[in-house]
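Read the structure below first, then the notes.
In the text below, chain A, chain B and the rest are named by the order of the sequence lines, each starting its count at 1.
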Amino acid sequence: MRKPNPPATINELMQRVNDIAGITLGELAAQYQFKTPEHLLREKGWPGQLLEYVLGASAGSKPVPDFELLGIELKSLPIGYNGKPLETTYVSVVPLTNLTGITWINSSVKKKLNHVLWLPVLAEKELQPTERTIGTGFLWQPTKDQEALLKRDWEEQIELIALGDIEKISGHLGEVLQIRPKAANNKATTNAIGPNGKIIKTLPRGFYLKTHFTHSILSQEFMS
DNA sequence: GTTTGATCATTA
DNA sequence: TAATGATCAAAC
């Protein structure tokens, strides 16, 4: 099969999502002649890249929603046999400089999470990457309560960064939204605001949704 | 180096 | 065993 075009409507997108529910990543990759990792899962981004391709998401690394026409972000969500998320969910890069004028409303986190297509994938560790089974995808927008939680965590941690206290931030902070390293390795560096307002070098960081938050989203969708 | 896609693996 | 810190690959 050829590379799918971007879906024109939400209905079209959701039809494609429903069409792939229940099959494995290996079967899907074969159908579309998409590359499959031959041995170990060293290509950590493979599940997401395959799903993007099949659903017609914008290719490449662009700072725009996966489905630009629809304003929807695709997030695959690895879950275990118990239906709970196995990993935190990466959201976006954490800004470490030029924070003047930045607010929750215009933040990358709010924009990214404004409208998300969650695609659960049964990804229990004993399963080979190709044996992971695609679940039922669904659209989600934060409720007022959920957004309030995200906003509170975001503001608390952005304030620390603005004050030059990036090195005081660890994955322990944040109720639902945490900040953790996001880099090739722990030697990578980027600019950040340091003590006294001086620019320092530090490890690039990313925002991640904690698993209990994504689990609550799943519960809200499937157990209501 | 940065941003996209995430998972790995050591620690607590 | 869950969570935090570290890491892998591709495109640019």
Side-chain angles (χ1 to χ4, degrees), chain A residues 3 6 25 28-29 32 34-68 72-98 107-109 111-113 116-132 134 137 153 157 166-192 199-216:
Chain A
K3 175 174 170 56
L25 295 180
L28 190 61
Y32 286 86
F34 195 87
K35 67 174 179 181
T36 302
E38 296 188 9
H39 298 298
L40 299 174
L41 182 59
R42 292 309 242 177
E43 297 185 50
K44 298 179 182 177
W46 180 71
Q49 288 160 358
L50 169 63
L51 292 167
E52 281 192 339
Y53 180 90
V54 168
L55 294 176
S58 315
S61 52
K62 301 177 185 176
V64 296
D66 295 312
F67 301 102
E68 198 171 357
I72 291 174
E73 178 77 14
L74 172 66
K75 285 291 175 198
S76 67
L77 188 60
I79 59 174
Y81 294 134
N82 58 11
K84 292 186 179 181
L86 294 172
E87 294 286 347
T88 54
T89 301
Y90 171 69
V91 179
S92 64
V93 171
V94 178
L96 300 176
T97 58
N98 301 317
S107 71
S108 60
V109 174
K111 288 177 181 171
K112 285 253 182 182
L113 298 182
V116 177
L117 170 59
W118 292 105
L119 201 42
V121 177
L122 180 60
E124 196 64 62
K125 266 202 155 185
E126 68 182 43
L127 297 173
Q128 295 296 108
T130 54
E131 294 307 316
R132 297 183 178 194
I134 300 166
D153 285 349
Q157 293 174 92
I166 177 63
E167 302 298 1
K168 292 182 180 174
I169 293 180
S170 75
H172 299 87
L173 289 179
E175 171 68 22
V176 299
L177 185 72
Q178 64 178 178
I179 289 178
R180 304 218 309 279
K182 171 64 169 168
N185 53 59
N186 70 356
K187 308 301 180 196
T189 62
T190 192
N191 287 340
I199 295 297
I200 61 170
K201 290 291 186 181
T202 191
L203 203 49
R205 317 298 169 92
F207 284 113
Y208 296 78
L209 297 178
K210 301 183 80 168
T211 54
H212 75 81
F213 184 72
T214 48
H215 182 226
S216 74

So CD of A/Gln157 and CG of A/Leu177: to nearest 0.5 Å the spacing works out to 6.0 Å
Practice problem: For A/Gly171, answer base if it contacts any base atom (sugar-phosphate contacts may also be present), sugar-phosphate if it contacts only those atoms, and nothing otherwise; contact means non-hydrogen atoms under 4.0 Å. | Solution: sugar-phosphate
When rounded to whole Å, the CD1 to P distance for the pair A/Ile166 and C/dG5 reads 11 Å
Sorted by number, residues from residues 76-90 of chain A placing a heavy atom under 4.0 Å from DNA chain C are A/Thr88
When rounded to whole Å, the CD to P distance for the pair A/Gln128 and B/dC8 reads 11 Å
Just by distance, do the side chain of A/Tyr208 and the backbone of A/Pro181 share a donor-acceptor pair under 3.5 Å? yes
Would you say CG of A/Asn98 has more than 12 non-hydrogen atoms from neighbouring residues, nucleotides or ligands within 6.0 angstrom? no
Check the angle between the aromatic planes of A/Tyr53 and A/Tyr32 and answer parallel, tilted or perpendicular using the 30° and 60° thresholds. perpendicular
Taking for A/Gly45 and for A/Gln178 the nucleotide of DNA chain C with the nearest heavy atom, the one nearer the 5' end belongs to A/Gln178
Picking from B/dG5, C/dG5, C/dA6, the nucleotide nearest the side-chain atoms of A/Glu52 would be B/dG5
Taken to the nearest whole Å, CG/A/Leu203 to P/B/dT3 is 14 Å
Taken to the nearest whole Å, CG/A/Asp66 to C1'/B/dA6 is 13 Å
Heavy-atom nearest nucleotide on DNA chain B taken for A/Asn191 and for A/Pro47; more 5' hit belongs to A/Asn191
Inset, instruction - State plainly whether the residues A/Lys125 and A/Glu87 are in salt-bridge range, i.e. N to O under 4.0 Å. - result: no
Scanning both residues in full, the closest heavy-atom pair of A/Ser76 with A/Leu51 reads CB-CD1, 3.8 Å
Salt bridge (Lys or Arg N to Asp or Glu O under 4.0 Å) filter on A/Lys111, not counting sequence neighbours, yields none
The residue, A/Lys125 or A/Val91, whose nearest nucleotide of DNA chain B is more 5′ is A/Val91
Rounded to whole Å, the CG-C1' distance (A/Leu50 to B/dG5) equals 12 Å
In whole angstroms, the gap separating P of C/dC12 from CD of A/Gln49 amounts to 12 Å
Just by modelled atom types, is the A/Gly171 backbone N or O under 3.5 Å from a matching donor or acceptor in the A/Gln178 side chain? yes
Note: contacts of residues 179-187 of chain A with DNA chain C (heavy atom, under 4.0 Å) are A/Arg180, A/Pro181, A/Lys182, A/Ala183, A/Ala184, A/Asn185, A/Asn186
(message) Between A/Arg205 and C/dT4, is there a contact of a side-chain N or O with OP1 or OP2 at under 4.0 Å?
(response) no
Among the nucleotides C/dG5, C/dA9, B/dT4, whichever has the atom closest to the side chain of A/Glu43 is C/dA9
Here the distance between atom C1' of B/dT7 and atom NZ of A/Lys75, to the nearest Å, is 13 Å
Ranking A/Lys35 and A/Leu173 by the position along DNA chain C of their nearest nucleotide, the one closer to 5' is A/Leu173
Is a side-chain donor or acceptor of A/Ser58 paired with a backbone partner of A/Asp66 at a separation under 3.5 angstrom?
yes
### Query
Is there a donor and acceptor pair, one atom on the side chain of A/Tyr208 and one on the base of C/dA3, closer than 3.5 Å?
no
A/Leu119 atom CG is separated from B/dG5 atom C1', nearest whole Å, by 14 Å
The nucleotide from B/dT2, C/dA3, C/dT4 with an atom nearest the side chain of A/Thr190 is B/dT2
Distance col, row A/Ile169:CD1 vs A/Arg205:CZ, nearest 0.5 angstrom, shows 7.5 Å
